[in-house]
Amino acid sequence: MKRAKELPPFPEGWYFLTDRKTVTAKKLIERTWMGEEIVIWCDADGNICVADAYCPHLGSHLGPRAGGKVRDGCLVCPFHGFEFDASGKCVATPFAPPPPNARLKLYETREIAGMIFVWWGFEGRPPQWRLPDVPQGPDWCSIGYRRFRFPGHPQETAENSVDIAHLLYVHGYDNVYPNGEVEVDGAYLLSKFHFTRIRRIANIWKMMNDVDAVTHVHGVGYSFVEVRENTIEMDLRLWVLATPIDGREIYLTLACQVREIRKPKRFFMGLRFLPPRWRAPVINQFMLTNQKLDVAQDERIWSRKRYRTTPVLSRSDGEIGLYRRWCKQFYPERETRD
Ligand code: FES
Ligand SMILES: [Fe+2]
């Protein structure tokens, strides 16, 4: 039974679904997202389409497991062969002209660096803000991904970006301090902090990281962290993307890319012996593996915790109160109800 004080499961916002490469390779993908069944495909012009997975004709599931397929950029229903284009319109059927009002429900998408985000609006309303672009360039390696699935909520996972005490206690960071105030502006929240950390490599080497991180949060599903590692002078971009599945579990996707390191300031795992173009991808995999360990530390807390509407905070908690007030805008249903 739903507890009265639980967070509503689907806050309004942009949520990561998949990346363009995966859609192109698989042609048609089916997913459960925000408690709905959806399908994702790419039309002949490269438009990514995200639609309700049930056919408006007689309700067949359109996903590949039911037999749905993509032909000439159109989604073809497995039941009677109706074809839908990138606008969701039925453009052909095998035996008769397409019914003029046969149309799939489509979701608004946004692509950033090949990552596909989909808008979830209160009562289906259109996007209330835009996700800013993150320009790519030849000096950034391609984005690597790691995906996790566990019981959780995107507000709870994003809360860690202002929860300074957990960085010390759960992850063992040191010298953690904010680099300025947490700022909010509409659906945007900016948080900057510094930390140091000792990493052990294969239990033999110790490596000290001295890090400045700037976290840009655009709604609770999208956290983008710009990381400057000062010891080896490395720039890294990390996305932490929480996507509700069914109201109980979420996907948490880490996406990461490293800027090419031309002159490593310090000996770092034999980096200097690698050709420059290999350094960033190798480090990217290393960073993803490390971040995966961080998520594992968080996950056992996230997946068992219970949301406290009135937490008893201490002085070392940072801006959790501010964060929670900022989050209220993502539940317009509560505002209209209260
Ligand atoms: S149910 Fe899709 S074409 Fe009939
Ligand atoms: Fe964490």
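Order of appearance sets the numbers: ligands from 1, and atoms from 1 within every ligand.
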Q: Please work out the angle at the Fe ion (ligand 2) defined by atom NE2 of H166 on one side and atom OD2 of D298 on the other, rounded to 10°.
A: 140°

How long is the span from the [atom1] atom in [X] to the [atom2] atom in [Y], to the nearest 0.5 Å?
X: N47; Y: S87; atom1: CG; atom2: OG; result: 10.0 Å
X: R228; Y: D212; atom1: CZ; atom2: CG; result: 9.0 Å
X: H171; Y: N290; atom1: NE2; atom2: CG; result: 12.0 Å

Q. Judged by atom type as modelled, is there a donor-acceptor pair below 3.5 Å linking the side chain of W14 to the main-chain atoms of W129?
A. yes

Q) Out of the N/O/S atoms in H57, what is the name of the one closest to atom 4 (Fe) of ligand 1? A) ND1

Q.
Which atom name would you report as the N, O or S atom of H80 nearest atom 4 (Fe) of ligand 1?
A. ND1

Q. If you look at H171, which of its N/O/S atoms is nearest to the Fe ion (ligand 2)?
A. NE2

Q: Walk me through it: do H57 and F79 pass the test side chain to side chain contact (heavy atoms under 4.5 Å, CB included)?
A: CA-CA 9 Å; H57 178 221; F79 202 179; 5.9 Å; no

Q | Within the 6.0 Å centroid threshold, strictly below: W120 and W33 | A | yes

Give the numbers and elements of all ligand 1 atoms closer than 4.0 Å to a heavy atom of [X].
X: G59; value: 1 (S)
X: S60; value: 1 (S)
X: F82; value: 3 (S)

Q. Is it true that E83 and R71 have a side-chain N and a carboxylate O under 4.0 angstrom from each other?
A. yes

(Q) Does only the side chain of C55 get under 4.0 Å from ligand 1, or the backbone, or both, or neither? Count heavy atoms. (A) side chain

Q.
How far is atom 1 (S) of ligand 1 from the closest protein heavy atom, and which atom is that?
A. L58 N, 3.2 Å

(Q) When you measure from atom 2 (Fe) of ligand 1 to the N, O or S atoms of C77, does any of those distances fall below 2.8 Å? (A) yes

